[in-house]
Amino acid sequence: MLRQDSQGDVPLFDEDDTALRKNKLKIQHPVATFFHLFFRISAIVVYLLCERISSSFIASMVTIILLLSCDFWAVKNVTGRLLVGLRWWNQVDDNGKSHWVFESRKVSECIKVVIIINVISESSKKETSSSEVRVFWLGLVMCPVLWVFFVFFALISFNVKWLVVVIMGLVLQWANLYGYVRCKVGGGSNLKTMATNYFGLQLFKQAMNNSQRP
């Protein structure tokens, strides 16, 4: 887009930048973002208020574990893939050996390294939202920290009946945190390797061009 003034036609780069920033801040997956926080926050709220709401320990325990299980499944299979483009799972091979698999979103595997880097940059602008990324990692990190405190307080207060529940919450929450941190680190390593190969290729081409000059 051009703007006509006394100095001639001047491109309005700031308009494109403003539109891009608004798109990056926009919540593109509101349902996934909501349920990313709903189950885990609900489990914490029920744990904190269950003794005031209900006198039945069994009912409270089942409700908390059900919420934690729903959260584990939703974050592992849905919200991580939609909000940040990450996924992890465990599979067992034919020999009975367990393998952990960590994946990050790939744009294309059939183009050159130069094009791959550019496409990844453009895809990130279109498919990821900085607001969704912040919500995802904030919920993923803060909730397990709270369950650590719950385990600590259950131990020092000798509240044995709730210790199993808080340990279950800690295990499920930290499993997702560990899996997605491994995905993030792996994705960053792959991108770093790709960039290194790209710059190495450019240096090699420049050296070949210099050697061919008379």
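- Closest of all the heavy-atom pairs between His29 and Thr33 is O-OG1, 2.7 Å.
- Cluster annotation: Ile58 and Ile65 are assigned to the same hydrophobic cluster (Ile/Leu/Val/Met/Phe/Trp/Tyr, side-chain heavy-atom contacts under 4.5 Å, transitive).
- Counting heavy-atom neighbours within 6.0 Å of Met168 CE, excluding the residue itself, gives a total of 12 or less.
- No chain of hydrophobic side-chain contacts below 4.5 Å, direct or via other Ile, Leu, Val, Met, Phe, Trp or Tyr residues, connects Leu172 to Val145.
- Relative orientation of the Phe35 and Phe38 rings is perpendicular, given thresholds of 30° and 60° on the angle between their planes.
- Clustering ILVMFWY residues whenever any of their side-chain heavy atoms sit less than 4.5 angstrom apart, transitively, puts Tyr178 in the very cluster that holds Trp174.
- Screening residues 30-40 for salt bridge (Lys or Arg N to Asp or Glu O under 4.0 Å) gives Arg40-Asp71 as the qualifying pairs, with residues at least two apart or on separate chains.
- Linking Ile, Leu, Val, Met, Phe, Trp and Tyr residues whenever their side-chain heavy atoms come within less than 4.5 Å leaves Met142 and Val46 in two separate clusters.
- In plain terms, the two heavy atoms of Ala154 and Leu163 that are nearest each other are CB-CD1, 3.9 Å.
- Contact record, Leu140 with His36: N-NE2, 4.1 Å, taken as the closest heavy-atom pair.
- By the 4.5 Å heavy-atom criterion applied to side chains, Leu68 and Trp147 are counted as neighbours.
- How far OG1 of Thr79 is from CD of Glu132: 10.5 Å, rounded to the nearest 0.5 Å.
- Nearest heavy-atom pair across Cys143 and Gln173 is CB-OE1, 3.1 Å.
- Distance check, rounded to the nearest 0.5 Å: CZ of Phe72 to CG of Leu67 gives 15.5 Å.
- Contact of the Val165 side chain with the Phe150 side chain is not registered, since no non-hydrogen atoms from C-beta on lie closer than 4.5 Å.
- In terms of heavy-atom proximity, Pro144 sits nearest to Leu170 at O-CD1, 3.8 Å.
- Considering CD1 of Ile53 and OG of Ser55, their distance stands at 12.0 Å, rounded to 0.5 Å.
- Put simply, the side chain of Glu51 does not reach to within 4.5 Å of the side chain of Leu49, judged on heavy atoms.
- Taking OG1 of Thr63 as the reference point, atom OH of Tyr47 lies at 15.0 Å (rounded to 0.5 Å).
- Hydrophobic clustering, with ILVMFWY side chains joined whenever heavy atoms are under 4.5 angstrom apart, keeps Val164 apart from Leu48.
- Scanning all heavy atoms of the two residues, the minimum distance from Ser131 to Ile27 falls at CB-CD1, 3.6 Å.
- With sequence neighbours left out, Phe57 forms a ring pair (Phe, Tyr, Trp, His ring centres under 6.0 Å) with Trp162.
- Side-chain contact between Val166 and Phe153: absent, with no pair of heavy atoms (C-beta onward) separated by less than 4.5 Å.
- In terms of modelled atom types and a separation under 3.5 Å, the side chain of Tyr180 and the main chain of Lys76 share a donor-acceptor contact.
- Counting heavy-atom neighbours within 6.0 Å of Phe34 CZ, excluding the residue itself, gives a total above 12.
- Checked against Phe136 for a side chain to side chain contact (heavy atoms under 4.5 Å, CB included), the options Leu83, Val141, Leu37 give a single hit: Leu83.
- Between Trp137 and Val181, the closest side-chain pair of non-hydrogen atoms falls below 4.5 Å.
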